[in-house]
Structure formats: C-alpha cells, structure tokens
Amino acid sequence: MSLKLSVPDMSCGHCVASITRAVQALDAGARIEADLPVRQVTIDTAAAPDAVAAALREAGYENTPA
C-alpha cells in the first residue's frame, strides 16, 4: 500500500532518517521517499496506515494525509 503524508516538521536529512527508522520498525521492507521542499513523504508499506501515522507521531512528527 502506498501512503502519502504531509509532515510539516520535517526539515532536514536527520528528520528523514528518523521517519525512515520509525516506519521500518513496523515494516523492515518499507520504502520511504521524502520531498523536503513540500514536507511530504510517500511510504510503500504493508503496515496499516494508522500504525504508520502513530509511529511517526511517536517519533515526534505530526502528520496528516497529503
């Protein structure tokens, strides 16, 4: 499943790495593409969308569907 999320607090490579770790803790095979200028991530994962959103919040990144 592919999710596109708006992550307003994502501003640098460290943020992308933190988001990647949070998602891959749920699904090690997940693929994450970040678009820093628009502060969005596209995530291809088998994990449930609510679980992904919650993992990002736990990592400190508020998010909404983009």
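The analysis underlying the following values was restricted to heavy atoms, covering all of them including side chains, and did not include hydrogens, waters or symmetry mates.
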Asker: According to a 4.5 Å side-chain heavy-atom criterion applied to Ile, Leu, Val, Met, Phe, Trp and Tyr, with indirect links allowed, do Leu36 and Ile32 form part of one hydrophobic cluster?
Answerer: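 Same hydrophobic cluster.
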
Asker: With the side chain counted from C-beta on, respond yes when Arg39 and Ser6 share a heavy-atom pair under 4.5 Å apart, and no when they do not.
Answerer: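 Of all side-chain heavy-atom pairs linking Ser6 with Arg39, none is under 4.5 Å.
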
Asker: Closer than 3.5 angstrom, by distance alone: can the side chain of Asp27 be matched with the main-chain N or O of Ala46 as a donor-acceptor pair?
Answerer: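 Looks like yes, one N/O pair under 3.5 Å.
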
Asker: Which of these, Leu56, Asn63, Val16, sits in a side-chain contact (heavy atoms from CB on, under 4.5 Å) with Met10?
Answerer: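 Of the listed options, the one satisfying the test is Val16.
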
Asker: Under a 4.5 Å cut-off applied to non-hydrogen side-chain atoms, are Val23 and Val41 in contact?
Answerer: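 Val23 does not reach Val41 side chain to side chain.
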
Asker: Under the rule for side-chain contact (heavy atoms from CB on, under 4.5 Å), what residues qualify as partners of Ala54, not counting sequence neighbours?
Answerer: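 Here the qualifying residues are Arg57.
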
Asker: Please round to the nearest 0.5 Å and tell me the distance separating atom NZ of Lys4 and atom CD1 of Ile43.
Answerer: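 Rounded to the nearest 0.5 Å, the NZ-CD1 separation comes to 11.5 Å.
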
Asker: May I ask you to test the Val7-Ile19 pair for a side-chain heavy-atom distance under 4.5 Å?
Answerer: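 Touching, per the 4.5 Å side-chain cut-off.
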
Asker: Is there a side-chain contact (heavy atoms from CB on, under 4.5 Å) between Thr45 and Val52? Walk through the geometry before answering.
Answerer: CA-CA 9 Å; Thr45 181; Val52 172; 4.0 Å; yes

Asker: What is the distance from atom OG1 of Thr64 to atom CG of Leu5, rounded to the nearest 0.5 Å?
Answerer: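 Thr64 OG1 to Leu5 CG: 7.5 Å, rounded to 0.5 Å.
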
Asker: What's the shortest heavy-atom distance between Tyr61 and Cys15, and which atoms?
Answerer: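 So the two residues come closest at OH-CA, 3.3 Å.
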
